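What follows is a short report on a single structure.
By convention in this document, chain letters (A, B, ...) are assigned in the order of the sequence lines, proteins followed by strands, and residues within each chain are numbered from 1. Predicted model, so just to flag it, every value in this text is computed and none were measured.
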Amino acid sequence: MSDLKKALGEAAGAAFASLGLPAELGRVTASDRPDLADFQVNGALPAAKQAKKNPREIAAAVAERLKGDGRLISAEVAGPGFINLKVSDQALSERAREIAADPRAGAEVLAAPRRVIVDYGGPNVAKPMHVGHLRASIIGESVKRLYRFRGDTVLGDAHFGDWGYQMGLLIGAVCDEHPDLAALVARLNAEAAPLDGPIPEAFERITLADLDRLYPLAAASGKEDPAYRDRARRLTAELQAKRPGAYLLWRRFREVTQVALERDFHALGVDFDLWKGESDVDRLIPGMVEDLRDKGLLVEDQGAQIVRVARQGDKRDLPPLLVVSSEGSAMYGTTDLATILDRKQSFGPDLAIYVVDQRQADHFEVVFRAACLAGYAEEGQLQHIGFGTMNGPDGKPFKTREGGVLKLNDLIEMTRGKARERLHEAGLGEDLPVEEFEAIAAKVAVAALKFADLSNFRGTSYVFDLDRFTSFEGKTGPYLLYQAVRVKSLLRKAEADGALAGPVVVAEPAERDLVLALDAFESALSEAYDRFAPNAVAEHAYRLSQAFSKFYAACPILQAEPQVRAARLTLASATLTQLELALDVLGVSTPERM
RNA sequence: GCGCCCGUAGCUCAACCGGAUAGAGCAUCCGCCUUCUAAGCGGACGGUUGCAGGUUCGAGUCCUGCCGGGCGCGCCA
């Protein structure tokens with residue numbers, strides 16, 4: 001079973017092949033001119049260039065062969081050499097029946113599934129997530145779901161940032177503020193307290209709010225004061241050496257952070273298979289450093305141990321990978337490299353996708369090159385999927401009115417508040433129990449946030465305008481939910497009336513368009529998969545919703561005569577299935593009613 | 001300075017391997033609820049794709065230069 005586009009593409013490919021031309025030329029795309037055709041084939045134009053023939057002649061020969069295809073009612077040459085294809089109502093009806101009978105609503109499963117890791121979210125210990133984490137979470141979650149839906153074995157890893165210099169800064173800052181805790185840290189060190197024992201009660205005083213308050217201050221002090229910085233580095237080294245005092249205090253940092261992070265991720269409908277942190281690969285670092293040295297990759301430079309990754313022909317001077325700092329600490333890139341090694345040993349991924357801010361492109365290039373040099377990964381197995389920043393209405397990175405960084409939790413709360421307002425304005429869900437109304441508002445908020453983000457291509461920055469995206473009209477998440485809920489309501493009513501679904505028979509233009517929209521699901525998924533671009537799926541979900549909405553307006557369903565009603569009910573339920581699958585890939589779930 | 005990304009309708013964004021008349025949404029204007037949820041549907045208005053060259057039968061897309069914006073360039077992550 002395959003979509004019409006692909007099936008017709010094979011037929012057209014065979015036609016090209018029979019003329020002694022490459023079959024790839026038969027690629028079929030949706031028509032740019034829906035007034036003229038359903039699909040088109042452009043291959044005659046490049047073929048003509050290659051073969052130095054008249055494109056219209058080649059097109060005519062291909063079209064002639066396609067005319068025998070039972071699915072087509074016409075295959076005509078137009079313009080400089082386009083082949084326009086019109087599909088018969090019967091072929092559309094058959095395709096619609098296939099989609100309706102398919103729990104995957106026409107989406108295929110990969111012939112050669114891969115093992116994939118998606119590294120996204122990028123939360124850090126001691127720092128609440130802010131708007132900057134929104135895109136990484138939303139895009140990463142969608143990429144993970146997309147790859148999984150297509151048939152790959154996928155693990156999503158939060159890759160907790162929990163092991164760097166920032167930890168040393170915080171340990172120092174906490175000790176400064178609480179002399180008694182400083183004393184406790186010293187005592188634990190002296191007693192060689194067990195690392196995996198209970199976290200001392202005294203540490204429970206430290207909350208995420210404390211860490212959030214102290215971190216910026218400590219970071220600033222570290223920048224200004226070399227002595228402060230050196231102490232933080234020393235404490236970082238102590239933590240990495242697993243001195244009990246620093247380590248147990250750090251475990252408290254991790255603990256308080258994770259609770260808050262899980263709450264935020266849960267509110268966004270984001271969940272991870274792995275909560276690996278940088279600290280988890282710490283044990284691999286000494287061996288890895290030795291291995292790099294053995295392989296002759298590690299060299300000393302300005303007191304640090306580095307791996308040079310520059311290549312001849314590089315357009316720019318790529319910095320080396322800093323493996324061990326002059327202080328003897330592991331760096332950001334060190335843990336990244338060790339993580340690649342860890343994943344190779346534990347999971348053996350064919351592909352690792354890093355969903356991280358575009359600004360880190362150079363960093364990943366360096367790490368990936370080092371990994372390939374060391375034999376921890378092969379060329380092309382590591383992919384950095386960068387994304388642009390989310391800007392405020394002024395076109396600059398999003399800030400609160402006060403100029404601070406907006407916390408993710410506050411952003412979600414704000415959006416929920418707007419969702420409630422909008423529901424009330426529209427008079428929706430008024431008679432529902434409070435809990436259900438709240439659940440709906442939460443889903444509307446998540447849909448608004450995610451769809452606004454995912455309908456843009458990930459690579460470009462976009463403007464996050466609260467007023468705009470909470471305006472639930474037009475091309476928005478809530479519109480999609482609304483369409484899904486409308487279908488659900490319709491199907492419930494049909495069931496109550498005892499109206500049965502039956503075989504699809506396409507007749508009306510709105511029905512044709514709806515089936516053509518349904519048929520495009522697979523190609524949207526495939527494009528999104530190949531380009532790491534969920535916006536193709538978002539676009540599809542919107543087009544499908546729109547096609548349904550037109551169908552809904554043009555074609556009465558429950559009042560139609562039984563056979564027509566049966567056919568339209570099948571179309572409606574197939575639409576719902578596909579829409580919910582598409583939304584699920586985007587990480588959006590639909591309520592039963594609203 | 002070097003490198004990467006971006007510049008498309010008044011605003012926010014699309015455009016699959018270079019294809020026909022560059023598409024959506026918002027905003028503005030005009031229609032449509034005694035019929036399945038009007039957060040909807042139909043229609044109108046809106047473009048020299050930053051500028052100038054080049055390649056091509058054909059360029060928003062590829063190449064060169066310029067203008068404008070964002071970002072990155074060794075011990076933070």
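For the 3.5 Å distance criterion, the side chains of A:S31 and A:K86 fail to qualify, holding no donor opposite an acceptor. Checked by atom type, the side-chain pair A:D162/A:S279 shows a donor-acceptor distance below 3.5 Å.
For A:K550 against B:G40, a side-chain-to-base donor-acceptor contact under 3.5 Å is absent. Remark: the A:D357 side chain and the B:A77 base include no donor-acceptor N/O pair separated by less than 3.5 Å.
Aromatic ring centres of A:H133 and A:Y120: separated by at least 6.0 Å. Taking the six-membered ring for Trp and the full ring otherwise, the centers of A:F368 and A:H384 sit at least 6.0 Å from each other.
A close approach under 4.0 Å does not occur between any side-chain nitrogen or oxygen of A:K127 and OP1 or OP2 of B:A77. Distances shorter than 4.0 Å separate none of the side-chain N or O atoms of A:Q358 from OP1 or OP2 on B:C6. Between B:A38 and A:R486, a contact under 4.0 Å exists linking OP1 or OP2 to a side-chain N or O.
Taking atom P on both nucleotides, B:A39 is separated from B:U34 by 15 Å, rounded to a whole Å. As rounded to the nearest Å, B:G46 and B:C11 have C1' atoms that lie 12 Å from one another. Taking atom P on both B:G54 and B:C13, the two are 33 Å apart, rounded to the nearest angstrom. B:C63 and B:A77 are spaced 37 Å apart, taking the P atom of each and rounding to whole Å. Comparing B:A20 with B:C30, their C1' atoms sit 31 Å apart, to the nearest whole Å. Between B:G72 and B:C16, the two P atoms lie 29 Å apart (nearest whole Å).
No contact: A:G161 has no heavy atom under 4.0 Å from any strand. Base engagement by A:A78 is indicated by at least one non-hydrogen atom pair under 4.0 Å involving a base atom. At the heavy-atom level, A:K49 lies under 4.0 Å from base atoms of the strands shown. The residue A:V324 sits apart from the nucleic acid: no heavy atom pair falls under 4.0 Å. Using a 4.0 Å heavy-atom distance criterion, A:Y165 is classed as a sugar-phosphate-only contact. Within 4.0 Å (heavy atoms only), A:N124 reaches sugar-phosphate atoms of the nucleic acid but no base atom. Nucleic acid contact for A:S489: base, since at least one base atom lies under 4.0 Å from a heavy atom of the residue. Counting any heavy atom pair closer than 4.0 Å across all strands shown, A:L169 reaches no nucleic acid atom. Among the heavy atoms of the strands, none lies under 4.0 Å from A:L318. Here A:D336 lies out of heavy-atom contact (under 4.0 Å) with every strand. Nucleic acid contact class of A:Y479 (heavy atoms, under 4.0 Å, all strands): sugar-phosphate only. Within 4.0 Å (heavy atoms only), A:Q40 reaches at least one base atom of the nucleic acid. A:P55 comes within 4.0 angstrom of nothing in the nucleic acid, heavy atoms only.
Distance A:L45 CG to B:C57 P: 12 Å, rounded to the nearest Å. When the P atom of B:C76 is taken as reference, atom CZ of A:R359 falls 19 Å away, rounded to whole Å. Atom CG in A:L490 sits roughly 5 Å away from atom C1' in B:C36 (whole-Å rounding). Residue A:L321 contributes atom CG, which lies 14 Å from atom P of B:C73 at whole-angstrom precision. Here the C1' atom of nucleotide B:C5 and the CE atom of A:M390 are 19 Å apart, to the nearest Å. One can place NZ of A:K5 at 12 Å from P of B:C16, the figure rounded to the nearest angstrom. At whole-Å resolution of the value, CD in A:E522 and P in B:C16 are 19 Å apart. What separates NE2 of A:H384 from P of B:C4 is a distance of 16 Å, to the nearest Å.
In plain terms, the two heavy atoms of A:A494 and A:L569 that are nearest each other are CB-CD2, 3.6 Å.
Between A:S31 and A:M331, the one whose closest nucleotide on RNA chain B sits nearer the 5' end is A:S31. Projected onto RNA chain B by closest heavy-atom contact, A:T476 and A:A419 fall at different nucleotides, the more 5' of which corresponds to A:T476.
The structure places NZ of A:K127 at 11.5 Å from CG of A:L261, a figure rounded to the nearest 0.5 Å. Here the CG atom belonging to A:L571 is positioned 9.0 Å from the SG atom belonging to A:C555, to the nearest 0.5 angstrom. From A:I139, atom CD1 reaches atom CG of A:L146 across 13.0 Å, with rounding to the nearest 0.5 Å. Interatomic distance, A:M390 CE to A:R135 CZ, rounded to the nearest 0.5 Å: 8.5 Å.
The closest side-chain heavy-atom distance from A:N391 to A:F398 is not below 4.5 Å. Residues A:Y479 and A:S549 have side chains in contact (heavy-atom distance under 4.5 Å, counting atoms from C-beta outward). Annotation: side chain of A:M167 is in contact with side chain of A:V125 (closest heavy-atom distance under 4.5 Å).
Ranking B:C41, B:C75, B:C36 by closeness to the A:L322 side chain, first place goes to B:C75. Checking B:G72, B:C41, B:A77 against every side-chain atom of A:A553, the shortest atom distance belongs to B:C41. For A:Y482, counting side-chain heavy atoms from C-beta on, the closest listed nucleotide (B:G19, B:U37, B:C26) is B:U37. Relative to the side chain of A:D32, the nucleotides B:G19, B:A39, B:C75 differ in distance, and B:G19 lies closest. When each of B:C41, B:A39, B:A77 is scored by its nearest atom to the side-chain atoms of A:S549, the top-ranked nucleotide is B:C41. Residue A:K315 has its side chain nearest to B:G3 when only B:G19, B:A39, B:G3 are considered.
Listed by residue number, A:D301, A:Q302, A:A304, A:I306 are the residues of residues 298-308 of chain A with a heavy-atom contact under 4.0 Å to RNA chain B.
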- Taking protein heavy atoms under 4.0 Å as touching, what does nucleotides 7-15 of chain B look like 5' to 3' if B marks base contact, S marks sugar-phosphate-only contact and - marks none? -----SSSS
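The aromatic rings of A:F364 and A:Y332 stand perpendicular to each other, their planes meeting at an angle above 60°, with 30° marking the opposite boundary.
B:C32 takes the anti form, because its glycosidic angle lies more than 90° either side of 0.
A cation-pi arrangement, defined by a distance under 6.0 Å to the six-membered ring centre and an angle within 45 degrees of its axis, is present between A:R486 and A:Y552. For the pair A:R458 and A:F387, the cation does not sit on the ring face, since its NZ or CZ is not both under 6.0 Å from the ring centre and inside 45° of the axis.
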- Can A:H424 and A:F437 be said to form a ring pair (Phe, Tyr, Trp, His ring centres under 6.0 Å), step by step? CA-CA 10 Å; A:H424 284 311; A:F437 180 82; 4.8 Å; yes
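Stem analysis of RNA chain B (at least three stacked-register Watson-Crick or G-U pairs, each with both distances under 3.5 Å) gives B:1-7 with B:67-73, B:10-13 with B:23-26, B:28-32 with B:40-44, B:50-54 with B:62-66.
Stacking annotation: A:F82 is stacked on the base of B:A20 (ring centroids less than 5.5 angstrom apart, interplanar angle below 30 degrees).
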